[in-house]
Amino acid sequence: MDGNYYMIHDYLIFIGVFAIFLFLTTSIYLFSQNQKLNQRNTKLSETNKLIEQRLNEVRLEHIGTKLNPHLFKNILNSVQSHAYQTYMSLDKLANVLDYILYESNNKYVSPKEELNFALSLIEINKIKINPLFDFRIKSRINKSDALYEEKVFAPLISVDLIENAFKHTDFLAQDSFISIYMELENGIFTMKVSNKASLKNILEKEKSGFGSQSFDQRLKMIYSTYYQLERSSKNGVFTAELKINLGEFYDKMRYSG
């Protein structure tokens with residue numbers, strides 16, 4: 001009887017040890033497989049990010065090829081329409097063309113460079129309007145801002161808002177105006193453009209609008225959640241306001257790079 005008891009006891013011990021061994025072996029195997037799966041998922045995630053990044057770059061290049069010829073045409077039309085101001089026009093035009101030909105090929109420029117370009121573009125567009133026209137431009141640029149000369153600004157971002165204001169303004173209306181406000185403070189860039197526009201022109205632009213769609217798409221691809229763009233139309237006054245948190249975007253670039 002005692003012999004059977006010890007045999008059963010030893011057998012149970014053997015079964016227990018075997019079960020523990022089997023459990024540990026299975027756990028180690030599953031852990032190993034899980035690690036390999038995680039590594040594979042990480043590699044796939046990195047590959048997907050690279051593919052998405054390249055796709056975005058191709059899309060941006062495609063948008064740029066459509067944007068620049070359109071911009072050139074508008075600029076040249078402005079210069080041609082007022083030959084008597086040729087010297088000033090060509091001076092501003094030279095600044096704009098240099099920026100488009102050389103700086104716009106860079107992925108990022110500084111706010112300083114983009115703002116200088118925007119001011120030159122505004123001056124060129126002003127040539128075609130009556131000197132008595134109600135044109136308001138105001139800037140509040142903190143040149144001591146840490147990001148003022150950092151490469152955090154996507155080139156030609158300011159083009160869409162400026163060009164649309166001049167293109168869709170009702171210059172014949174008595175209360176017509178264009179107002180442009182630019183600000184850089186605490187790493188946040190703000191650009192607000194308002195103009196008296198024909199509601200018909202606004203609707204046509206929104207329906208046709210490669211310009212608006214490509215602009216929105218470009219902002220989303222570059223600045224993701226670090227920007228806000230709001231448009232509104234009331235009583236014939238069209239307003240667009242863009243805010244870009246360059247500070248947070250710069251931190252993201254540094255940490256992800």
Side-chain angles (χ1 to χ4, degrees), residues 45-72 74 96-122 139 141-142 145-165 167 180-193 205-206 209-232 239-257:
S45 177
E46 292 175 352
T47 302
N48 286 337
K49 286 181 180 179
L50 289 174
I51 293 173
E52 184 178 354
Q53 180 180 352
R54 182 53 190 155
L55 181 60
N56 285 341
E57 290 174 355
V58 171
R59 286 174 178 170
L60 288 172
E61 289 171 2
H62 179 63
I63 291 173
T65 59
K66 290 190 176 182
L67 174 66
N68 289 350
H70 175 72
L71 180 59
F72 274 118
N74 288 344
V96 169
L97 294 185
D98 280 345
Y99 187 82
I100 293 174
L101 292 173
Y102 302 110
E103 301 302 331
S104 67
N105 290 326
N106 297 324
K107 189 172 183 179
Y108 298 108
V109 297
S110 67
K112 176 182 178 181
E113 292 168 320
E114 178 71 13
L115 290 168
N116 286 338
F117 161 75
L119 292 173
S120 294
L121 185 62
I122 290 169
S139 61
I141 307 301
N142 182 2
D145 190 289
L147 297 178
Y148 182 60
E149 297 191 29
E150 291 289 342
K151 304 292 185 180
V152 293
F153 214 112
L156 305 178
I157 282 292
S158 59
V159 168
D160 188 88
L161 301 183
I162 295 171
E163 287 286 291
N164 284 340
K167 181 178 180 180
I180 299 177
Y181 175 74
M182 294 182 290
E183 177 182 298
L184 177 64
E185 187 68 39
N186 296 324
I188 297 178
F189 171 77
T190 302
M191 186 172 188
K192 184 176 182 179
V193 180
K205 176 191 176 293
E206 290 179 347
F210 168 79
S212 294
Q213 293 175 10
S214 62
F215 181 57
D216 294 352
Q217 185 182 17
R218 187 168 182 241
L219 283 170
K220 186 176 181 179
M221 285 192 292
I222 297 172
Y223 290 111
S224 184
T225 60
Y226 300 101
Y227 82 97
Q228 291 180 337
L229 177 62
E230 296 180 356
R231 296 186 180 94
S232 63
T239 300
E241 183 172 6
L242 171 65
K243 286 182 179 287
I244 304 176
N245 193 326
L246 297 174
E248 290 187 2
F249 178 69
Y250 182 62
D251 290 339
K252 174 236 178 185
M253 282 200 310
R254 286 192 300 172
Y255 295 138
S256 62

**Q** For N245 and E248, which heavy atoms make the closest approach, and how far apart are they?
**A**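 Between these two residues, the closest heavy atoms are OD1-N, 3.0 Å.
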
**Q** Rounded to the nearest 0.5 Å, what separation is found between the NZ atom of K112 and the CD atom of E150?
**A**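 The CD atom of E150 is 12.5 Å from NZ of K112, to the nearest 0.5 Å.
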
**Q** So, are E183 and K192 salt-bridged, with charged N and O less than 4.0 Å apart?
**A**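 Salt bridge: no.
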
**Q** Look at the aromatic rings of F153 and Y223 and report parallel, tilted or perpendicular, splitting at 30° and 60°.
**A**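 Rings of F153 and Y223: perpendicular, as their planes differ by over 60°.
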
**Q** If you measure from CD1 on I244 to CD1 on I222, what distance do you get to the nearest 0.5 Å?
**A**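 Rounded to the nearest 0.5 Å, the CD1-CD1 separation comes to 8.5 Å.
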
**Q** Yes or no on side chain to side chain contact (heavy atoms under 4.5 Å, CB included) for D160 and L242, after CA distance, side-chain angles and deciding distance?
**A** CA-CA 11 Å; D160 188 88; L242 171 65; over 6 Å; no

**Q** Can you measure from CG (L161) to CG (L229) and round to the nearest 0.5 angstrom?
**A**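 Separation between the atoms: 6.5 Å.
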
**Q** Looking at CG of L147 and CD of E185, how far apart are the two atoms once the value is rounded to the nearest 0.5 Å?
**A**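 Reported value, rounded in 0.5 Å steps: 11.5 Å.
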
**Q** Any sub-3.5 Å donor-acceptor pair from N106's side-chain atoms to V109's backbone N or O?
**A**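 No; zero donor-acceptor contacts below 3.5 Å.
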
**Q** Work out which heavy atom in G187 is nearest to a heavy atom in D145; give both atom names and the distance.
**A**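 That closest heavy-atom pairing would be N-OD2, 2.9 Å.
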
**Q** Please name the pair of heavy atoms, one in L115 and one in Y148, separated by the smallest distance, quoted to 0.1 Å.
**A**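 Shortest heavy-atom separation between L115 and Y148 comes out as CD1-CE1, 4.4 Å.
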
**Q** If the test is side-chain contact (heavy atoms from CB on, under 4.5 Å), which one of I162, L156, I157 qualifies with F117?
**A**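 The single option meeting the side-chain contact (heavy atoms from CB on, under 4.5 Å) with F117 is L156.
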
**Q** What heavy-atom pair brings M253 and Y108 nearest, and what distance separates the two atoms?
**A**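 Closest heavy-atom pair between M253 and Y108: SD-CE1, 3.7 Å.
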
**Q** More than 12 non-hydrogen atoms from neighbouring residues, nucleotides or ligands closer than 6.0 Å to NZ on K220, yes or no?
**A**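 No, the 6.0 Å shell around NZ holds no more than 12 heavy atoms from other groups.
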
**Q** First locate atom CG of L246, then atom CG of L184, and finally report the distance between them rounded to the nearest 0.5 Å.
**A**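 CG of L184 is found 6.5 Å from CG of L246.
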
**Q** Between K151 and E113, is a salt bridge (Lys or Arg N to Asp or Glu O under 4.0 Å) present by the stated rule, with each step listed?
**A** CA-CA 9 Å; K151 304 292 185 180; E113 292 168 320; 3.1 Å; yes

**Q** Check P155 against R218 and note the closest heavy-atom contact, atom names and distance.
**A**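 Between these two residues, the closest heavy atoms are O-NH2, 2.5 Å.
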
**Q** Might you work through the side chain to side chain contact (heavy atoms under 4.5 Å, CB included) test for D216 and R231, ending with a clear yes or no?
**A** CA-CA 11 Å; D216 294 352; R231 296 186 180 94; 2.9 Å; yes

**Q** Do other residues, nucleotides or ligands put more than 12 heavy atoms under 6.0 Å from the CD atom of Q228?
**A**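 At most 12 heavy atoms, drawn from other residues, nucleotides or ligands, come within 6.0 Å of this atom.
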
**Q** Measure the spacing between CE of M182 and CD of E114 and express it to the nearest 0.5 Å.
**A**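 These two atoms lie 9.5 Å from each other.
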
